[in-house]
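First up is the structure itself, then whatever we jot down about it.
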Amino acid sequence: MDTTILGLSILELSYIVASVTFILGLKMLSSPDKARKGNLIAGYGMGLAIAATILFKEEFSADKWLNYSLILAGLAIGTVIGMRMAIKVKMTAMPQMVSFFNGMGGACAGVISLVEFDHLRHGGEISAGMLIVILLGLIIGSVSFSGSMIAYGKLEGKIADKALPAGQIINIGLLIAIFGLAGYLAFSGHLSMPLMYALLVLSLLYGVLFVMPIGGADMPVVISLLNSFTGMAAAFGGFLYGNQAMLTGGILVGSAGTILTVLMCTAMNRSLTNVIIGSFGGGGAASTQSGEQGTIKEISVTDAAILLAYANKVSVVPGYGLAVAQAQHTVHNLEKILEDKGVDLNYAIHPVAGRMPGHMNVLLAEADVPYPKLLEMEDANEDMASTDVVLVIGANDVVNPAAENDPSSPIYGMPVVKVWNAKNIIVLKRSMGKGYAGIENELFFHPKNRMLFGDAKDSLEKLISELKNL
Ligand code: NAP
C-alpha cells in the first residue's frame, strides 16, 4: 500500500502509535489507579498493530482467502479462550494464568522460527544473522513455552516438584547439545528441517527439566524470568518480519520481565541462582529454628474490637491470606468504621506480600481503598513506633523478625515490616500454619502479640459487628 503521511506509510504510523501505547500502558501499570486504563490502552495498541498488519502489510488479494480465513479463525479462537479465562480467573490464580499466556507467546515465537526457517530453505534470502535470529527465537520460545506450562501445572497443583538425579548435569548436557546443534545449523549451510525439529524437541525438554525441580512457591520469580524470555523471542520475531510493533513489544516485555525478576529477588534478599537451584519455599526448605519459642496469647473478637476502637493510629499489614480469604472489601469496611470513630488508619505494603508483585496494591485497589492510605514498607516502618495497633491480616513471612535477627534463617536479610515496634500486634490467620518460606515465625510468640484465629474475612466481619456495637 503506497498511502503515505509525512513520508511514513499507514503501516509504519500504526506501528509507531502501537509502540507508544505499549510504553504508555506500561508506565500506567505502575500506579494502581491508572493500571486498568493502561492495560486497555496497550490492548487497543496491540489491536491496531494486528489490524494494520493484516490490512496493509501486503496488497489485499482475493486468492489469499485461505490465509485470511486462517488468521481470522485463529484470532477468534484465541479471543474467546483468552476472554473466558480472564473473566473466570480468581485473583489468587493470576500467576498461573500469566504463566499460561506467557507460554502461548513462547509457542508463537517458536512456530514463527520454524516457518521462517522453512521459507529460507525454499529460496529465501539467507544471511547468518537472519539464521541466528531464527534459531534463537526457536530455542528461547520453546524453552519459554514448555517451562511456562510446567509452571502453570505446578501452580494449579497438577504437577509436583521433582528433581531428577543428576538433573544439573543433564541440563548442562542439554544446553551443550542445543547450542552445538544451533551452531551447526547456523554455520554449516545445511538447512535441515529434521535437525530443526531435533532442536525444537531438545529446547522443549530443557524447558521442562529447567522448571521441574524449582520449588512450586518460587514460581512467580520463574514466571517473570520466562516472561522475559518470551519477550526476547518475540523481539527476534519482530526482527525477522521487520515489524517494529512486535520488536518494541518484545523488547518491553523482555526488559520488564528482567527488571521484575531482579526486583523480586532483591525484595526477598535472594539471588536468581538461589531461586533456580535452591529449594526455598518448595518441599525441601525447612525451618532452621526450633519449633516452640514461648507461649501464644489469643485475643477475643470483643477485646480486639475495643483495642482498635480506642486506638489513635492503626496500621494494617495485608498478606497472602487476605487474598486467599478475599477479604479486601471487608477490610475496607473495617477501615471506614474505624475512621468514623476517629482512628487514623493506613496499610503497610510489603513489596512481595502475596504471590505476585503489587498483589496487595491490586487487591486493595479492587476494593476502592484510597491509594494515599497505602504506605510503602520503608515509610510504614518509620511510623511503626507511633502506631497503637498493627493488624496483621494473613501475612506471615513479611512480618517475620527472623529476617532481622536470625542469620541461620533462609529469609535472613529480607526487608520486613517491623510490626514489633508498634504498641500492640494482632495477627489474623487460621492456624499456626507456615507461610511461603515454610518457616516458623517468632512474632506469634512475641509478648506484644495476640492471635485472632480464623479465616481473615470471617474474623474481620466479626470485628465489624462488634465495632458497630461500641
Ligand atoms: P505468607 O508468608 O505466604 O503467609 C500467608 C499466611 O496466610 C499463611 O501463614 C496462612 O496461615 C495465612 N492464611 C492463608 N489463608 C488464610 C485465610 N483464609 N485467612 C487468614 N489467613 C490465611 O504470606 P506473606 O506474608 O504475604 O508473604 C509472601 C511470601 O511470598 C514471601 O515469602 C515472599 O517472598 C513470597 N513471594 C512473593 C512474591 C510476590 O511477588 N509477592 C513472589 C514470590 C514469592 P494459616 O494457614 O495459618 O491461615
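Remember, it's 1-based here, ligands and their atoms both numbered in the order they're listed. One is the number of the first residue; the rest follow in order along the sequence.
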### Query
Testing Asp344, Asp388, Asp383 for side chain to side chain donor-acceptor pair (under 3.5 Å) with Lys313, which one passes?
Asp383
### Task
Would you indicate which of Gln326, Met360, Arg430 comes nearest to atom 14 (C) of ligand 1 when only heavy atoms are counted?
Arg430
### Query
About how many Å separate CG of Leu334 and CD of Glu339, when rounded to the nearest 0.5 Å?
10.0 Å
### Task
Tell me which one of Val352, Asp397, Asn441 gets a heavy atom nearest to atom 2 (O) of ligand 1.
Asp397
### Query
Quick one: does Thr387's side chain get under 4.5 Å of Val314's, heavy atoms only?
no
### Task
Just jot down the ligand 1 atoms closer than 4.0 angstrom to any heavy atom of Gly435, in number order.
1 (P), 2 (O), 3 (O), 4 (O), 9 (O)
### Message
Would Gly354 count as a polar contact of ligand 1, with the cut-off being nitrogen or oxygen pairs under 3.5 Å?
### Response
yes
### Task
Using only heavy-atom distances, determine whether the side chains of Tyr15 and Asn243 contain a donor-acceptor pair under 3.5 Å.
yes
### Query
Hey, which atoms in ligand 1 end up nearer than 4.0 Å to a heavy atom of Pro220?
42 (C), 43 (C)
### Query
Going by the atom numbers of ligand 1, which of them fall below 4.0 Å from some non-hydrogen atom of Met264?
40 (O), 42 (C)
#### Entry: Minimum non-hydrogen distance to atom 21 (N) of ligand 1, winning option of Lys429, Lys457, Met451, Met432
Lys429
### Message
Could you tell me, atom by atom, which parts of ligand 1 come under 4.0 Å of a heavy atom of Gly319?
### Response
26 (O)
### Glu404 and Tyr412 side chains, donor-acceptor separation under 3.5 Å
no
### Message
Counting C-beta onward and ignoring hydrogens, is there a side-chain heavy-atom pair between Leu391 and Ser315 closer than 4.5 Å?
### Response
no
### Query
Can you find a pair of side-chain heavy atoms, one from Asn346 and one from Asp379, that are under 4.5 Å apart?
no
### Query
Based purely on interatomic distance, does Ala353 place a nitrogen or oxygen under 3.5 Å from a nitrogen or oxygen of ligand 1?
yes
### Task
Would you check the N or O atoms of Gly433, main chain and side chain alike, for any that come under 3.5 Å of an N or O of ligand 1?
yes
### Query
Would you say His359 contacts ligand 1, with heavy atoms under 4.0 Å as the rule?
no
### Query
Side chain or backbone of Lys434 under 4.0 Å from ligand 1, or both, or neither, by non-hydrogen atoms?
backbone
## Note on the structure
ligand 1 atoms nearer than 4.0 angstrom to some heavy atom of Asp455 are 17 (C), 18 (N), 19 (N)
### Query
Going by atom types only, do Thr248 and Ser19 share a side-chain donor-acceptor pair under 3.5 Å?
yes
### Query
Going by the atom numbers of ligand 1, which of them fall below 4.0 Å from some non-hydrogen atom of Gly394?
5 (C), 6 (C), 7 (O), 21 (N)
### With Val133 via side-chain contact (heavy atoms from CB on, under 4.5 Å) - residues at least two apart
Phe236, Phe239, Leu240
### Query
When you look for heavy atoms under 4.0 Å from ligand 1, do you find them on the side chain of Ala395, its backbone, both, or neither?
both
### Query
Rounded to the nearest 0.5 Å, what separation is found between the OG atom of Ser113 and the CG atom of Leu200?
10.0 Å
